[in-house]
Amino acid sequence: MAPKPDSHTLAASSSDPSSTSSMDPLLLFLNFLPYSVLRPPRLRLKLPTFTLPSPMTVFSLVLLTYFMVVSGIVYDVIVEPPGIGSAQDPYTGSVKPLVFMPGRVNGQYIIEGLSSGFMFVVGGVGIILMDLALDKNRAKSVKVSYATAGISSVVIAYVMSMLFVRIKIPAYLH
Amino acid sequence: MAVTKTEPINGSTTKSSAPPSTSMPLKSDLLSILSLKSLRLKTKQQELLIRVSILCLVYVLAFITRLFSVLRYESMIHEFDPYFNYRTTLFLTQKGFYEFWNWFDSESWYPLGRIIGGTLYPGLMVTAAMMYWGLRFLRFAVHIREVCVLTAPFFASNTTLVAYFFGKEIWDTGAGLVAAVLIAICPGYISRSVAGSYDNEGVAIFALLLTFYLFVKAVNTGSLAWGLASAFGYFYMVSAWGGYVFIINLIPLYVLALLITGRYSMRLYVAYNCMYVLGMLLAMQIRFVGFQHVQSGEHMAAMGVFFLMQVFYFLDWVKHLLNDKKLFEAFLRITVTCAVGVGAIALGVGTASGYISPWSGRFYSLLDPTYAKDHIPIIASVSEHQPTAWSSFMFDFHILLFLFPAGLYFCFKRLSDATIFIVMYGLTSMYFAGVMVRLILVATPAVCLISAIAVSATIKNLTMLLRTKSKVSQTGSTKGTGGGKTSSKAMLDQSQPFQRNGAIALLFGAFYLLSRYAIHCTWVTSEAYSSPSIVLAARGAHGNRVIFDDYREAYYWLRQNTPPDAKVMSWWDYGYQITAMGNRTVIVDNNTWNNTHIATVGRAMSSYEDEAYEIMRSLDVDYVLVVFGGVTGYSSDDINKFLWMVRIGGGVFPVIKEPDYLVNGEYRVDKVCSPPRV
């Protein structure tokens, strides 16, 4: 009888000779033929099992990707703007840094994009914290601190984003 | 404009109220009868009334917020592309469908001509023509231009309805209502569906959302009828816009995600098979699409997933027949390996033999954004194709940018077939929106839906807090309210008023944020997205508004003062408008299907006079149209576009070299000019 291979190979062989329940002649043939010539080695390899990550792991990756996209990383890669702009003071001649690219809506410097993206993510995380604060199974102090952190994050993020927009587009809401 | 929608709590009884006393005099009897009538509505009917009235208001709102330019200027078609669509719709209503379908236009792309019947997406024109014929049948004597101008707002209103049903399918009715409200005024959508913007996207976004809704409904119910409906929705989308490639790639990706997460089911099998096969067959009816579903690389993902589904079904059936687990596992391994191997070989053979064409430049530049800059200057030159900066996102989405990650969190908390779909749609569309500004439009429905989930879930949590507290304080016993903090009642009693006040304050905060969103959207619509761009407005010296109608005056001059067979050469931006309004033959227009022809025009524009004259003689040109905005400070005139003419011309004719036109590496028009341009 064929020796029982105790390794998990990808070989197209059935695993035990109790497959006499199968009527397939090809299978019986395959059972005997290679092993009359070959001898499978005794390996201790295991195929890497593919376990799906938990939803919250995936969500954190998604949040990171969202941060990068909304900061305009594609714009940064293609247009290659400077990290921070510069403007020359007309009277003194000194060069001062300019954080927000003026003049058009669809243009940015890298730092400006990253900081705005960060504000958006903080706002989103604030709402998530507010929802976590309502979870039944935590200690009360934890819930209170989550709620406070959540509310303050949302408020700060909203105020800062509005500030950024007003600096960027001077005619905003006029 | 917050929608504080509270679901009726399970177990709550009908509205209890004291009946009015019957011993009142006759005058107040009328009042009492009226109030009695309103009291007779049960809670369910009240809820229905609220929902229907909200949806009606949202429908009207979505329509009227897009009417700014019609009220300010007049009812006319905006921009460049809509003029072509208008011209074809006019032709369709005048000559009929068969003439339209077989139309060869010799008035554009002289001397090549253009097969219009085979190179456009007819959905928009046929829709507008249907509405026109319908209104005419009802004896409303409307002009086709009015129908064209108001097509987009009408379909935007319909999109809000579809968004409501979609939100209901994914989460619950509250989320559906919020989604309808958000999408009605979201600037990302308004930018391409304002009245007068008679472009494919106005209809296509409706078709996109409809197809997605019908498909998710089919996956949720497993019914063949919904699958058929989604196939027809897909057909409408294919007829309307080239962006249907997004659908035919997102849905297989979604099916793949479901298969990987172990959510294979008979419902998914029925829904996807029905939609793919029938949708593919229907899509081949559009001449412009033709056999691309079996020949083009962009559509191969759908076919691959189709075969994978058959493999899954086969494996399921074999598992059902076999009772031996180990045997089945071995069989599984063989089959999956064989299937993947055969699929890879087939794909390889198809691509190598050239039967399956590779991804076209337009779509490939979405996957690799740096591709267009180096290889295809025409695609890179369109301002809508630039990548997106954060301020464009903020402009078009406002607080939805905060609500989007929160909504994703809620979706991940409650994973189901439908929420997985909306998450995938949201993520892929946001990535593409980051690559190209124009695609913020495609991301808008997903962002609105996911934000609606966040709003609805948060407000539901807050109102649960409110209601639990008030019920506990009033009745002293807990009813079966889900989600409330019913664990430690003693602590609840102590901190009750604080939490109740906190919840009320947070509700006011949510209301404030949503009202700021509404203000922002209305401001953006009024200031930024309602300009017809064929009529320009500026502030004069004394602050008065000055209107420039130069474009249309120029086109009418052409129409009235040039011989009917005159040929006009201009940069391709103006081609459609010249043909539609000036009624003269043009050399190149916005369709940009022939890069060499455009490069010839670019070369003519950027050469010395005598060379340019030779080129123009060879093309039989009689008139040249150049837009110059120097005196008024108009910034998007031909002088500013000149470098693109050089680049595109240089792409085909190496004689034109960009550095010749720059001085010290910069492009200047004032005192220092480079020799070839003088």
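In what follows, every heavy atom counts, from backbone to side chain, and hydrogens, waters and symmetry copies are set aside. Treat the numbers as computed from the prediction; the structure is a model and nothing was measured. Proteins come first, then strands; the chains are lettered A, B, ... in the order of their sequence lines, and each starts at number 1.
- For the options P405(B), G434(B), G262(B), heavy-atom pairs under 4.5 Å to chain A are most numerous at P405(B).
- Against chain A, the residues from residues 391-401 of chain B that qualify, each with a non-hydrogen atom under 4.5 angstrom away, are S391(B), S392(B), F393(B), M394(B), F395(B), H398(B), I399(B), L401(B) in number order.
- The CZ atom of F402(B) lies 9.0 Å from the CE atom of M119(A); values are rounded to the nearest 0.5 Å.
- Heavy atoms of S526(B) lying under 4.5 Å from chain A are absent altogether.
- Looking at I260(B), the atoms closer than 4.5 Å to chain A (heavy atoms on both sides) sit in the backbone and in the side chain alike.
- The stretch residues 81-104 of chain A places F100(A) near chain B, each with some heavy atom under 4.5 Å from a heavy atom of that chain.
- S153(A) meets the side chain to side chain contact (heavy atoms under 4.5 Å, CB included) test with V122(A); sequence neighbours excluded.
- Looking only at distances, no side-chain donor or acceptor of Q108(A) sits under 3.5 Å from a matching main-chain atom of A389(B).
- Looking at heavy atoms from C-beta onward, T65(A) lies out of side-chain contact with L427(B) at the 4.5 angstrom threshold.
- The residue among V62(A), V155(A), L63(A), V79(A) with the most heavy atom pairs within less than 4.5 Å of chain B is V62(A).
- By the 4.5 Å heavy-atom criterion applied to side chains, P55(A) and F412(B) are counted as neighbours.
- Residue contact with chain B, scored on non-hydrogen atoms closer than 4.5 Å, involves the side chain of I169(A) exclusively.
- M430(B) has its side chain within reach of V70(A): a pair of non-hydrogen atoms, C-beta onward, lies under 4.5 Å apart.
- Within the 4.5 angstrom heavy-atom criterion, atoms from both the backbone and the side chain of L408(B) approach chain A.
- One finds the NZ atom of K413(B) at 7.0 Å from the CG atom of L132(A) (value rounded to the nearest 0.5 Å).
- Heavy-atom pairs under 4.5 Å with chain B were tallied for Y75(A), F164(A), F120(A), F67(A); the largest tally goes to F120(A).
- When each of V77(A), V105(A), I127(A) is scored by its heavy-atom pairs under 4.5 Å with chain B, the top score falls to V105(A).
- Chosen from T261(B), L403(B), L415(B), the residue pairing most often with chain A at heavy-atom distances under 4.5 Å is T261(B).
- A distance of 4.0 Å separates CD1 of I151(A) from CG of L506(B), quoted to the nearest 0.5 Å.
- Proximity of D131(A) to T458(B): side-chain heavy atoms (C-beta onward) are nowhere separated by under 4.5 Å.
- For V435(B), the side chain to side chain contact (heavy atoms under 4.5 Å, CB included) partners at least two apart in sequence or on another chain are V74(A), L366(B), P369(B), Y431(B).
- The most heavy-atom pairs under 4.5 Å with chain A, out of L513(B), L462(B), V423(B), V524(B), come from L513(B).
- Considering only heavy-atom pairs separated by less than 4.5 Å from chain B, the leading option among G126(A), G72(A), G123(A), S71(A) is G123(A).
- Note that CZ of F404(B) is 6.5 Å distant from OH of Y66(A), once rounded to the nearest 0.5 Å.
- For the set S161(A), S116(A), A147(A), the entry with the most heavy-atom pairs within less than 4.5 Å of chain B is S116(A).
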